[in-house]
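Encoded as structure tokens, the structure appears first; notes follow it.
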Amino acid sequence: MRVSQTWWMIIVISVVGLFFRVLLIDKIPTSFTHDEMFFAVEGQSVALDGWDLKGKVRPWLEFGPSHGAFSELPGSLLAPGFWLISNPVVASRAVPILVGLLIPLLLGAITWELIKDKKVMIAVVAIAEFNPWIFQFSRSSIDPPIGMALVLLGKWLQLKLRGRNKLWSVVAYGLGFFTYQAYKLVIPLLVICTSIYSFLTDRHKKSKLKWSIFPAIAILGVMLFYSVNLRTQEAGKRINALLPLDQSLLSGLVDKDRRLSLPNPMATVFTNKLTEGIERFLVQYGEALNPRQLFVKGEANLSPFAVWSVGMFYELDIILILIGLVVIFKKKQKVGFYLLGLAAVAPIPTALSAESVSVTFRSSLMIFPLLILAGIGLVTIIQTRKRVVILLVGGGYLLLVTNFLYQYFFRYPLYAADGLFLSDRIVSSYAARTKEVLVVTNDEPFFLLENYLFFNKKINKDNIGEIRAVMSKSKFALDGVKFV
């Protein structure tokens, strides 16, 4: 396959993907979850003068969150959209759309570095372009896709560059580290996996050990620095969300199991915090690998964020992945072990959570090694030249993609409306139109005020001083509207 032909195919795939990503982007999703709204509002504020909405933090410079529950950089990375686009809804989704186009291309680039096969590279780009997870989250201002793109960029740089140039990968990894909370637990392990693979496959013998492992040492240094300073930051309040550190949870599990056991001298041996912690870790790790969630139905509790009526992959992907796994171990065993290693490490944030089990976001880095395997599987099927098999797989895949797009554009806006806080958007619209003094009661007045400011384009140079005064005092009243 000629180079020009390869690039034209990738361009066509990307253009088709771009069309569906911008389709009705100002209307679907119908509103914003709290996470999305927080990042969108912060991005709008940073776009004005570089400060967060409270005027206390410059996230892009200080790498510190204005709220401990959220990641440090996503809001700042959304800011360019507000420089170019006046509609705040579209502006907040501009960078994610570009990220959604970049992820398949980075996956293709990583595939080329690993396999050096143009057909597989194109197949991976095509499959990733309409992957359910990548597609729908690249139409929202949520943080995991941005973090994934930065991790993939780091991965590609680490694989492609030689010698000291590999250090450029640390910049991308570092930005990814501060872009999504769950990735902080897994990025160092992913870098170590790639360092080991680079060392084993690098043909440049001179100093290969030093430059292969240096990215891993650097990113571990970043993680150590962050951990040491964590308890002095607001984000440190969430440290007990990690399973080994939530002693009250582990104590409760131990007490429960001991109460349900007959008195015996071995109770402390077989039922203690260590055994309960390991058991819960393994159960949650297994949940992340549950084929139902991956390939059939997503997490219904995350329906505001996603189309839960399909999985993170399509049903046919499981066949392609299995075929790809067999083929890669026959042809390139080191690549096979590398991809399996990445997939095995990715669910760790889910397994270590002391809160509710979330696979969709926390284990999302599992997507990219599996998509590469799916691309290998698809090319293997095409190369059989069995027309019936190719038509069945191609037709089946087209049907699954069409069904997903139907679910996303025609069902998701309805069943996710309440979870997306569409009611907050409606109230915000009414509050802006009424001329009377209005008091709005809500369990979370802070987020309702953010909706009011965002959808009514209140965050501008004329109002930003007054808004910051309101936010810093936690008195949520503006323009005669009070949120309590």
Side-chain angles (χ1 to χ4, degrees), residues 14-48 52-53 59-60 70-71 73-106 128-150 179-180 302-307 360-361 364 404-405 407-410 412-414 416-417 419-422 424-425 428-429 447 450-460:
S14 299
V15 169
V16 174
L18 177 61
F19 170 78
F20 282 102
R21 275 175 175 77
V22 300
L23 182 64
L24 301 175
I25 192 63
D26 60 328
K27 298 180 176 64
I28 301 174
T30 53
S31 194
F32 289 68
T33 60
H34 284 174
D35 294 50
E36 293 174 90
M37 181 55 67
F38 177 86
F39 293 130
V41 166
E42 185 172 272
Q44 198 171 14
S45 180
V46 168
L48 280 179
D52 74 320
L53 200 60
W60 57 275
F70 300 99
S71 307
L73 289 181
S76 300
L77 295 175
L78 296 180
F82 294 97
W83 294 334
L84 303 172
I85 302 169
S86 60
N87 184 322
V89 174
V90 179
S92 68
R93 294 168 179 169
V95 170
I97 287 172
L98 295 177
V99 164
L101 293 175
L102 182 62
I103 289 176
L105 297 177
L106 287 170
E129 197 68 60
F130 288 97
N131 169 263
W133 192 97
I134 296 173
F135 179 86
Q136 57 193 327
F137 293 124
S138 66
R139 289 174 57 97
S140 70
S141 55
I142 201 70
D143 44 345
I146 303 175
M148 177 181 286
L150 290 166
T179 302
Y180 179 44
L302 290 179
S303 61
F305 292 96
V307 176
T360 303
F361 292 143
S364 54
F404 165 69
L405 293 174
Q407 299 281 341
Y408 182 84
F409 285 107
F410 294 99
Y412 169 64
L414 183 61
L420 279 168
F421 302 97
L422 180 60
D424 288 7
R425 184 173 183 176
S428 299
S429 175
F447 288 106
E450 285 190 330
N451 274 262
Y452 173 76
L453 297 173
F454 181 77
F455 289 117
N456 296 310
K457 301 181 181 180
K458 297 289 185 179
I459 303 175
N460 53 54

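Quantities reported herein were computed from a predicted structural model and do not represent experimental measurements. The analysis underlying the following values was restricted to heavy atoms, covering all of them including side chains, and did not include hydrogens, waters or symmetry mates.
- In this structure, Trp133 and Thr360 have side chains that are in contact, with non-hydrogen atoms separated by less than 4.5 Å.
- In this structure, Ser141 and Phe32 have side chains that are in contact, with non-hydrogen atoms separated by less than 4.5 Å.
- Within the 4.5 Å cutoff, the side chain of Phe137 has no heavy atoms near those of the Pro144 side chain.
- Note: Leu102 CG to Ile146 CD1 = 11.5 Å, rounded to the nearest 0.5 Å.
- Atom CG of Leu24 is separated from atom OG1 of Thr30 by 12.0 Å, given to the nearest 0.5 angstrom.
- Under the 30°/60° scheme for interplanar angles, the aromatic rings of Phe38 and Phe70 are found to lie parallel.
- The shortest distance between side-chain heavy atoms of Val16 and Phe130 falls below 4.5 Å.
- Between Leu453 atom CG and Leu53 atom CG the span is 6.5 Å, to the nearest 0.5 Å.
- Expressed to the nearest 0.5 Å, how far OG of Ser45 lies from CG of Leu78 amounts to 12.5 Å.
- Formation of a donor-acceptor pair under 3.5 Å by the Arg21 side chain with backbone atoms of Pro96 is not found in this model.
- A 4.5 Å side-chain heavy-atom check between Phe20 and Glu129 finds every atom pair outside the cut-off.
- Note that the CG atom of Leu77 and the CD atom of Glu42 stand 10.0 Å from one another [nearest 0.5 Å].
- With rounding to the nearest 0.5 Å, the separation of OG1 in Thr33 from CZ in Phe447 is 9.5 Å.
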* To do: Given side-chain contact (heavy atoms from CB on, under 4.5 Å), test Gln136 with Phe404 step by step and report yes or no.
  => CA-CA 10 Å; Gln136 57 193 327; Phe404 165 69; 4.2 Å; yes
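- When all heavy atoms of Ala149 and Leu106 are compared, the closest pair comes out as O-CD1, 3.4 Å.
- Side-chain atoms of Phe361 and Asp143, non-hydrogen and from C-beta on, never get closer than 4.5 Å to each other.
- The side-chain hydrogen bond (donor to acceptor under 3.5 Å, both in side chains) search around Ser92 returns none, not counting sequence neighbours.
- A donor-acceptor pair under 3.5 Å is formed between the side chain of Ser71 and the backbone N or O of Thr179.
- Contact annotation: the side chain of Leu18 approaches that of Ile97 to within less than 4.5 Å [non-hydrogen atoms, C-beta and beyond].
- Heavy atoms only, all atoms of each residue included: Asn87 and Val89 are closest at OD1-N, 2.9 Å.
- When all heavy atoms of Tyr452 and Ser428 are compared, the pair lying nearest together is N-OG, 3.2 Å.
- Between Glu36 and Ser140, the shortest heavy-atom contact is OE1-CB, 2.9 Å.
- Proximity of Pro145 to Ser138: side-chain heavy atoms (C-beta onward) are nowhere separated by under 4.5 Å.
- Of all heavy-atom pairs between Phe82 and Ala40, the closest is CZ-O, 3.5 Å.
- The heavy-atom pair separating Ser31 from Arg425 by the smallest distance is OG-CB, 3.8 Å.
- Partners of Tyr408 under the ring-ring contact (aromatic ring centres under 6.0 Å, His included) rule, at least two apart in sequence or in another chain, are Phe135, Tyr412.
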